[in-house]
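Excluded from the calculations below are hydrogen atoms, water molecules and symmetry mates; all remaining heavy atoms, backbone and side chain alike, are included. Along the sequence shown, the residues carry numbers beginning at 1.
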Amino acid sequence: MKVGIVGAGIGGLTLALMLHQRGIAAELWESASEIKPLGVGINLLPHASKELTELGLLGQLSALGIETSSLAYYNKFGQLIWHEPRGLRAGYPWPQFSLHRGALQMLLLAAVHERLGAGALHCGERAESFEPTANGARVWLRRRADDAQHAREVDVLVAADGIRSLLRSQLYPEARDPLRYSGRVLWRGATECGAFADGLSMFMAGHPDQKFVAYPISAEARTRGRSLVNWIAELRVPEAPDNDWNRRVDKSVFAGAFADWKWDWIDVPQLIEQTEDVYEFPLIDKDPLPRWTFGNFTLLGDAAHPLYPIGSNGSAQAILDARCLADCLHAARAGRADLNYALREYEAERLPKTAAIALRNRLNGPEQVMQWAEERAPAGFSNVDDIIPRRELEEISARYKKLAGFDVEALRAQAAAASGLGR
């Protein structure tokens, strides 16, 4: 069996490693001429770090990122709404990591080169279209170096080429599969500074129309007694910015809205001011699709289910896609199913789950607690229990964890089952 993967982002690279682990050959094509450590911070929730741990990458993750200890939600006055432990401190068998997205991608890239060989990944190869063959799929690629087009045939073709996937657009043209703008824009940056809280924590403050998120992302900075803090500012903007989603902007575009967000535990204006490069991203997604799989072709990650970056779930769901697809293809290779059945089984398992997350994220997911605090106490509160009973806060948190697949009891059961198999 030979699997072709279009896109060498987190989802595509993880899939290649998981296929290799199961004895299945993989080849990747990436449109960029060179893979660089781009982006800012991301979170790897425990169910995602579990999968990378099983790839033997836990030590490298620990050396790169921060093991997140807690998550706190505040209102726009810096008053605490909800606080909960995260990762190992919450009783999970695996940690939650906060780290630089580019650092994670480069870690996965190095593992692909080491395990699959340098010839498995082809950069500067843009996938423009595909077609079914009698026993698989043919993908048409264009080389950036000489603008020549050529074709490759594989048994299974997977599009993991992001929200602007050309292969997805072949099946679902933009006219009936448009980007959906939320009415909000994110500005993102990272700066080194002194640590806040315990130097391992993540916080969100405000409400959906005016929000600020920050968390540390560098183990190396922590060894020096410093903190490399990834931050996100978010505001409601009626008209979607017309840019490439990775445009540097001047801080004056948004910083004024947070000018008085100075509290005894964090100085938001100072954090923004200390940052050199700030990038602008409209908050967008797409409607869930009715199907991903067509013959021996399927979608994965953002190409299948672009999500609002709410609940720290985008990279996690791509990693879970990769695990499920690799397992289904392994079953087919072992003769327990044919390839098309395996791909449809992957779709049946993952499509409903990711569709539910996409729709829940449009309702602000677990961040709904900040929306409630704003609606019920726009001038602030003296006791959060007076406006949102603790039971409601706990229910929101627990419901989202179950929906997204990182319920602590479920993961503990998985760890116990794996331990039993090991004995």
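- For the pair Arg344 and Tyr346, the NZ or CZ position fails the cation-pi test of under 6.0 Å to the six-membered ring centre and within 45 degrees of the ring normal.
- Under the side-chain contact (heavy atoms from CB on, under 4.5 Å) rule, Ile319 has a single partner from Leu45, Leu13, Leu52, which is Leu52.
- In this model, a donor atom of one side chain and an acceptor atom of the other lie less than 3.5 Å apart for His122 and Glu27.
- Checked against the 6.0 Å centroid criterion, the rings of His305 and Trp292 qualify as a close aromatic pair.
- Closest non-hydrogen pair, His47 versus Gly405, comes out as CD2-O, 3.2 Å.
- For the pair Arg184 (side chain) and Asp209 (backbone), a donor-acceptor distance under 3.5 Å is absent.
- A 4.5 Å side-chain heavy-atom check between Arg362 and Arg180 finds at least one atom pair inside the cut-off.
- Of the possible polar contacts, none joining the Glu192 side chain to the Leu228 backbone as a donor-acceptor pair under 3.5 Å is found.
- Under the 4.5 Å side-chain criterion, counting only non-hydrogen atoms from C-beta, Gln210 is not in contact with Arg236.
- Contact check for Val158 versus Val6: no side-chain heavy atoms found under the 4.5 Å cut-off.
- Side-chain contact between Thr354 and Leu320 is absent, with no heavy-atom pair separated by less than 4.5 Å.
- Separation of atoms CG (Leu166) and OG (Ser169) is listed at 5.0 Å; rounding is to 0.5 Å.
- Taking the side chain as every heavy atom from C-beta outward, Thr14 and Leu55 approach each other to under 4.5 Å.
- Side-chain contact between Ile5 and Leu28 is present, with at least one heavy-atom pair separated by less than 4.5 Å.
- Screening Ser98, Pro85, Ser69, Pro216 for a side-chain contact (heavy atoms from CB on, under 4.5 Å) involving Ser201 leaves a single residue, Ser69.
- Taking the six-membered ring wherever Trp is involved, the centroid distance between the rings of Trp261 and Tyr74 does not fall below 6.0 Å.
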Problem - Check against side chain to side chain donor-acceptor pair (under 3.5 Å), Trp82 and Glu84 - result: CA-CA 7 Å; Trp82 170 248; Glu84 65 180 24; 3.1 Å; yes
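- How far OH of Tyr172 is from CD of Glu174: 15.5 Å, rounded to the nearest 0.5 Å.
- Although no hydrogens or angles enter the test, the distance criterion places no donor-acceptor pair under 3.5 Å between the side chain of Asn361 and the main chain of Asn364.
- Counting only distance, with no hydrogens or angles, the side chain of Arg412 and the backbone of Gly91 share a donor-acceptor pair below 3.5 Å.
- By the 4.5 Å heavy-atom criterion applied to side chains, Ile66 and Arg222 are counted as neighbours.
- The ring-ring contact (aromatic ring centres under 6.0 Å, His included) test with Phe203 singles out one residue from Tyr215, Trp231, Phe196, and that residue is Phe196.
- Looking only at distances, a side-chain donor or acceptor of Trp263 sits under 3.5 Å from a matching main-chain atom of Phe77.
- Remark: the backbone N or O of Gly41 is paired with a side-chain donor or acceptor of Asn230 at under 3.5 angstrom.
- Within the 4.5 Å cutoff, the side chain of Arg188 has no heavy atoms near those of the Val278 side chain.
- Judged by distance alone, with hydrogens and angles left aside, the side-chain atoms of Thr191 form a donor-acceptor pair with the main-chain N or O of Gln274 at under 3.5 Å.
- Counting only distance, with no hydrogens or angles, the side chain of Arg143 and the backbone of Ala145 share no donor-acceptor pair below 3.5 Å.
- Between Glu67 and Arg89 there is no salt bridge, since no side-chain nitrogen of the basic residue lies less than 4.0 Å from a carboxylate oxygen of the acidic one.
- Between the Glu30 side chain and the Ala8 main chain, a donor and an acceptor come within less than 3.5 Å of each other.
- Formation of a donor-acceptor pair under 3.5 Å by the Asp321 side chain with backbone atoms of Gly301 is found in this model.
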